[in-house]
Amino acid sequence: MPYSNAVDQPRLRQTARVIDIAAKVGLVILIGIAIAYPDLGNVRGKASGVRDIAYPLGALVVPAVWWFRWRDRPYPWLGDALVTLPWFTDTLGNRLNLFDTVDSFDDWMHFVNWALLTAGVLILTLRQTASLRETIERALAFGVTAALGWEIAEYFAFIRHSSELKTAYTDTLGDLSLGSLGSILAGVTVYALWRSNTLHTSPQLA
């Protein structure tokens with residue numbers, strides 16, 4: 001079936017592949033530098049040890065699921081790239097000390113990263129013919145749950161023992177709200193791209 005408005009699918013897959021691999025390699029390099037030179041990591045007091053383990057694992061979720069369950073299907077480069085980018089951008093932001101030196105950078109990261117992560121999950125798990133209600137429902141189900149899990153993990157990992165505890169309540173509400181808005185944006189965007197036939201995908205991990 002022709003898709004008159006569709007982007008060049010082979011080119012999209014190739015671009016997604018390059019971005020995905022670059023983000024994964026960049027993530028490993030940045031974490032390696034932080035382990036070797038802790039002062040360059042800019043994550044002192046921010047559960048650096050947990051991040052060094054959790055972030056690579058997060059970037060390996062899609063490859064692991066594909067390898068053990070769906071190797072008969074094409075590799076989902078676009079979905080994997082969208083899921084990997086938040087781990088890389090968060091790490092890069094810390095390495096460049098942007099979280100502590102740029103106003104609202106943390107807010108933007110919560111909004112943008114949750115939009116990317118949710119878009120990846122939608123592309124990986126939802127059929128292209130899904131209705132807007134179904135798309136937003138899954139976007140919120142994943143996005144809000146993941147955002148809540150992130151905030152709980154942050155609290156137990158380092159916030160309860162840091163100076164950030166004084167403002168943690170307000171910051172947590174803001175982060176949850178921004179993450180939820182990012183998830184809604186992802187749902188609306190993915191749905192619009194599907195409906196306009198600009199993006200042609202199939203649920204490769206569902």
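Quick caveat: nothing in here was measured; it's all calculated off a predicted structure.
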What residue pairs, at least two apart or across chains, pass salt bridge (Lys or Arg N to Asp or Glu O under 4.0 Å) with a residue in residues 104-125? none
Please report the shortest heavy-atom distance between Tyr191 and Ser131, naming the atom on each side. CE1-C, 3.6 Å
What closest approach, in Å, do Thr125 and Arg138 show between heavy atoms, and which atom pair accounts for it? O-NH1, 2.8 Å
Kindly write out the residues that satisfy side-chain contact (heavy atoms from CB on, under 4.5 Å) with Ile53, not counting sequence neighbours, or none if the list is empty. Leu57
Decide yes or no for Val28 and Pro56: does some side-chain heavy atom of the first lie under 4.5 Å from some side-chain heavy atom of the second? no
Leu30 and Phe88: which non-hydrogen atoms are nearest, and at how many Å? CD1-CE1, 3.7 Å
Distance, nearest 0.5 Å, that separates OG1 of Thr198 from CG of Leu12: 11.0 Å
Apply side chain to side chain contact (heavy atoms under 4.5 Å, CB included) to residues Leu126 and Thr201 and explain how you reach the verdict. CA-CA 9 Å; Leu126 196 62; Thr201 64; over 6 Å; no
Rounded to the nearest 0.5 Å, the CG atom of Asn97 sits from the OG1 atom of Thr101 at a distance of 5.0 Å
Less than 4.5 Å apart, any side-chain heavy atom of Phe142 and any of Leu117? yes
Is there side-chain contact between Asp20 and Tyr75, with at least one heavy-atom pair below 4.5 Å? yes
Take a 6.0 Å sphere around CH2 of Trp150 and say whether it holds more than 12 heavy atoms from other residues, nucleotides or ligands. yes
Once side-chain hydrogen bond (donor to acceptor under 3.5 Å, both in side chains) is applied, do any residues pair with Ser104, and if so which ones, sequence neighbours excluded? none
Measuring from Met109:CE to Asp175:CG, what's the distance to the nearest 0.5 Å? 12.0 Å
Just wondering, do Arg95 and Ile31 contact through their side chains at under 4.5 Å, heavy atoms? yes
Pairs satisfying salt bridge (Lys or Arg N to Asp or Glu O under 4.0 Å), at least one member in residues 115-137, at least two apart: Arg127-Glu134, Arg133-Glu137
Please say which of Lys24, Arg17, Arg13 ends up in a salt bridge (Lys or Arg N to Asp or Glu O under 4.0 Å) with Asp80. Lys24
Measure the shortest side-chain to side-chain distance between Leu124 and Val83 over non-hydrogen atoms and say whether it is less than 4.5 angstrom. yes
Begin with the C-alpha distance, continue with both residues' side-chain angles, and end with the deciding distance and a verdict on side chain to side chain contact (heavy atoms under 4.5 Å, CB included) for Val188 and Ile136. CA-CA 7 Å; Val188 172; Ile136 296 299; 3.7 Å; yes
Should the pair Arg51-Asp90 be classified as a salt bridge under the 4.0 Å nitrogen-to-oxygen rule? yes
Given the rule that I, L, V, M, F, W and Y join up when any side-chain heavy atoms are under 4.5 Å apart, are Leu122 and Leu185 in one cluster? yes
List the atom of Trp66, the atom of Arg73, and the distance in Å for their closest heavy-atom pair. NE1-O, 3.0 Å
Min side-chain heavy-atom separation Gln128-Thr135 under 4.5 Å: no
What are the two closest non-hydrogen atoms of Thr118 and Gly143, and how far apart are they? OG1-CA, 4.0 Å
State which residues pass side-chain contact (heavy atoms from CB on, under 4.5 Å) with Leu82; sequence neighbours excluded, sorted by chain then number. Leu78, Leu116, Ala119, Ile123
Kindly write out the residues that satisfy ring-ring contact (aromatic ring centres under 6.0 Å, His included) with Tyr55, not counting sequence neighbours, or none if the list is empty. Trp87
Are Arg69 and Trp67 in a cation-pi contact, defined as NZ or CZ under 6.0 Å from the six-membered ring centre and within 45° of the axis? no
Decide yes or no on side chain to side chain contact (heavy atoms under 4.5 Å, CB included) for Ile29 and Ile33, but give the supporting numbers first. CA-CA 6 Å; Ile29 291 174; Ile33 292 173; 3.9 Å; yes
Determine whether Leu132 and Leu199 fall in the same hydrophobic cluster, where Ile, Leu, Val, Met, Phe, Trp and Tyr are linked whenever their side-chain heavy atoms lie under 4.5 Å apart. no
Does one hydrophobic cluster hold both Leu85 and Trp108, with members joined at side-chain heavy-atom distances below 4.5 Å? yes
Shortest non-hydrogen separation from Phe111 to Leu178 and the atoms involved: CD1-O, 3.5 Å
Atom pair OG1/CG of Thr84 and Leu27 - distance to nearest 0.5 Å: 8.5 Å
In the single-linkage hydrophobic clustering (I, L, V, M, F, W, Y; side-chain heavy atoms under 4.5 Å), do Val112 and Ile19 co-cluster? yes
To the nearest 0.5 Å, how far apart are CD1 in Ile184 and OG1 in Thr189? 11.5 Å
Identify whether Trp77 and Val18 are in the same connected component of the hydrophobic contact network (ILVMFWY, side-chain heavy atoms under 4.5 Å). no
Step by step, would you call Phe105 with Asp100 a side chain to side chain contact (heavy atoms under 4.5 Å, CB included)? CA-CA 8 Å; Phe105 184 79; Asp100 295 327; over 6 Å; no
